[in-house]
Asks: 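Supplied in structure tokens, the structure appears directly below.
When a residue number appears, it is its place in the shown sequence, counting from 1.
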Amino acid sequence: MAFTLPDLPFAKDALGDHMSAETLDYHHGKHHKAYVDKTNGMLGDNDLEGANLTTVIKRASEAGNKGLFNNSAQIWNHSFFWMGLAPEGSTKPSDKLQAMIDSDFGSTDKLLEALQNESANHFASGWGWLILNNGKLEVTSLHDADSPVAHGMTPLFTVDVWEHAYYVDYRNARPDYLKSVLNNIVNWDFISQNLDGQGISRADQLG
């Protein structure tokens, strides 16, 4: 069964000036779709037809198949990214997540500052991540299409720092994009669900 481009979990105009409908037309409708199409075109040659997305990513990584890995991991990363966004003011951290944020970072503002700094200073293309590691929240980043799926990490949230994520709305101003997204349209409900082990598998279902 071929993979399909998932629908966005919100209307294209739901994120306001933080991420425009035009950006979503290009980022979701063209870039994300291209990863889906390219992955589907490689499944048969790699005996992976019918495999779920996580399996495809791991097999491609183990085999050193960069083309398949890059495209399949980008499906997963983007599907996860969309689910981590929500209209401004519509979500908030669960009590459990807030307690962990306060313990591990001091405050929500300091967590967002750490994620913004990590992502803004990430060289070239990639992804900023909030992960769970040994029971603690950590901020990290991965290059290009690399994904926590390939490393046994527990991802809670991601922000795309490829230029195609922000060039329509922010031109080359990655810090402005990060500040706007991270301070306004984070889906805290999704992060809370991932912390409880309830949300991660949904990216596979959508991807």
Asks: Are Tyr35 and His78 an aromatic pair by the rule of ring centers under 6.0 Å?
Replies: yes
Asks: Tell me, do Phe10 and Asn187 make a side-chain contact under 4.5 Å, heavy atoms counted?
Replies: no
Asks: Run the ring-centre check on Trp162 versus His122 and record whether the distance is less than 6.0 Å.
Replies: no
Asks: Near Asn133 CG, under 6.0 Å, is it more than 12 heavy atoms from other residues, nucleotides or ligands?
Replies: yes
Asks: Quick one: are Val186 and Thr91 in side-chain contact, heavy atoms under 4.5 Å?
Replies: no
Asks: Does a side chain donor of either Tyr170 or Ser180 reach within less than 3.5 Å of an acceptor in the other side chain?
Replies: yes
Asks: Do the rings of His27 and Phe81 sit parallel, tilted or perpendicular, given the 30° and 60° boundaries?
Replies: tilted
Asks: Treating Ser20 as the side-chain partner and Asp17 as the backbone partner, does any N or O pair qualify as donor plus acceptor under 3.5 Å?
Replies: no
Asks: Determine yes or no for a side-chain-to-main-chain donor-acceptor pair under 3.5 angstrom, with Thr23 supplying the side chain and Met19 the backbone.
Replies: no
Asks: Between Val56 and Leu68, does the side-chain contact (heavy atoms from CB on, under 4.5 Å) criterion hold? Intermediate values first, please.
Replies: CA-CA 8 Å; Val56 172; Leu68 181 57; 4.0 Å; yes
Asks: Less than 3.5 Å apart, any donor N or O on the side chain of Asp102 or Gln98 sitting next to an acceptor on the other?
Replies: yes
Asks: What's the shortest heavy-atom distance between Phe69 and Ser147, and which atoms?
Replies: CZ-N, 4.4 Å
Asks: Are Leu15 and Tyr26 joined in one hydrophobic group, where the rule is that I, L, V, M, F, W and Y side chains link up if heavy atoms are under 4.5 Å apart?
Replies: no
Asks: May I ask you to say whether Asp196 pairs ionically with Lys96, meaning some side-chain N is under 4.0 Å from a carboxylate O?
Replies: yes
Asks: Given side-chain contact (heavy atoms from CB on, under 4.5 Å), test Leu130 with Leu111 step by step and report yes or no.
Replies: CA-CA 9 Å; Leu130 175 65; Leu111 163 61; 3.8 Å; yes
Asks: Return the minimal non-hydrogen interatomic distance between Pro93 and Trp188, and the atom names on each side.
Replies: N-CB, 3.4 Å
Asks: Working to the nearest 0.5 angstrom, can you tell me the gap between Gln116 CD and Leu178 CG?
Replies: 6.0 Å
Asks: Just checking Phe80 against Phe190, ring centres under 6.0 Å apart?
Replies: yes
Asks: Taking atom types as modelled and ignoring hydrogens, do the side chains of Trp127 and His143 form a donor-acceptor contact shorter than 3.5 angstrom?
Replies: no
Asks: Flag the pair Leu142 / Thr158 as yes when at least one side-chain heavy-atom distance between them is below 4.5 Å, and no otherwise.
Replies: no
Asks: Taking atom OG1 of Thr140 and atom NE2 of His151, what is their separation to the nearest 0.5 Å?
Replies: 9.5 Å
Asks: Can you name the nearest heavy-atom pair linking Ala145 to Ala73, along with the distance?
Replies: O-CB, 3.2 Å
Asks: Do the side-chain N and O atoms of Thr55 and Asn52 include a donor-acceptor pair separated by under 3.5 angstrom?
Replies: yes
Asks: Evaluate Trp82 against His32 for side-chain contact (heavy atoms from CB on, under 4.5 Å), listing each step before the verdict.
Replies: CA-CA 11 Å; Trp82 304 132; His32 193 175; 3.0 Å; yes
Asks: Closest approach of Ser94 and Ser192, non-hydrogen atoms and distance?
Replies: N-OG, 3.0 Å
Asks: Checking side-chain contact (heavy atoms from CB on, under 4.5 Å) for the pair Leu156/Ile131: CA distance, chi angles, key distance, verdict?
Replies: CA-CA 5 Å; Leu156 303 178; Ile131 64 170; 5.7 Å; no
Asks: Indicate yes or no: at least one non-hydrogen side-chain atom of Arg59 is less than 4.5 angstrom from one of Asn46.
Replies: no
Asks: May I ask you to check whether Asp160 and Asn77 show a side-chain donor-acceptor distance below 3.5 Å?
Replies: no
Asks: Measure the shortest side-chain to side-chain distance between Lys30 and Asp25 over non-hydrogen atoms and say whether it is less than 4.5 angstrom.
Replies: no
Asks: Restricting to non-hydrogen atoms, name the atom on Arg174 and the atom on Tyr166 that form the minimum distance, rounded to 0.1 Å.
Replies: NE-OH, 3.3 Å
Asks: Going by heavy atoms in the side chains, are Lys33 and His28 under 4.5 Å from each other?
Replies: no
Asks: Over all heavy atoms of both residues, which pair between Ile57 and Ser72 is shortest? Give the atoms and the distance, please.
Replies: CG1-OG, 3.5 Å
Asks: Is it the case that atom OH in Tyr167 sees more than 12 heavy atoms from other parts of the structure closer than 6.0 Å?
Replies: yes
Asks: Is it possible for you to say whether Ile101 and Leu132 belong to one hydrophobic cluster, with membership spreading through side-chain heavy-atom contacts below 4.5 Å?
Replies: yes
Asks: As a quick check of understanding, evaluate side-chain hydrogen bond (donor to acceptor under 3.5 Å, both in side chains) for Asp144 and Ser125, giving each step before the final call.
Replies: CA-CA 5 Å; Asp144 301 322; Ser125 300; 4.8 Å; no
Asks: Taking the side chain as every heavy atom from C-beta outward, state whether Val36 and Thr4 have any atom pair closer than 4.5 Å.
Replies: no
Asks: Below 4.5 Å, heavy atoms only, C-beta onward: do Asn194 and Phe157 meet side chain to side chain?
Replies: no
Asks: What is the distance from atom CD1 of Ile75 to atom NZ of Lys38, rounded to the nearest 0.5 Å?
Replies: 11.5 Å
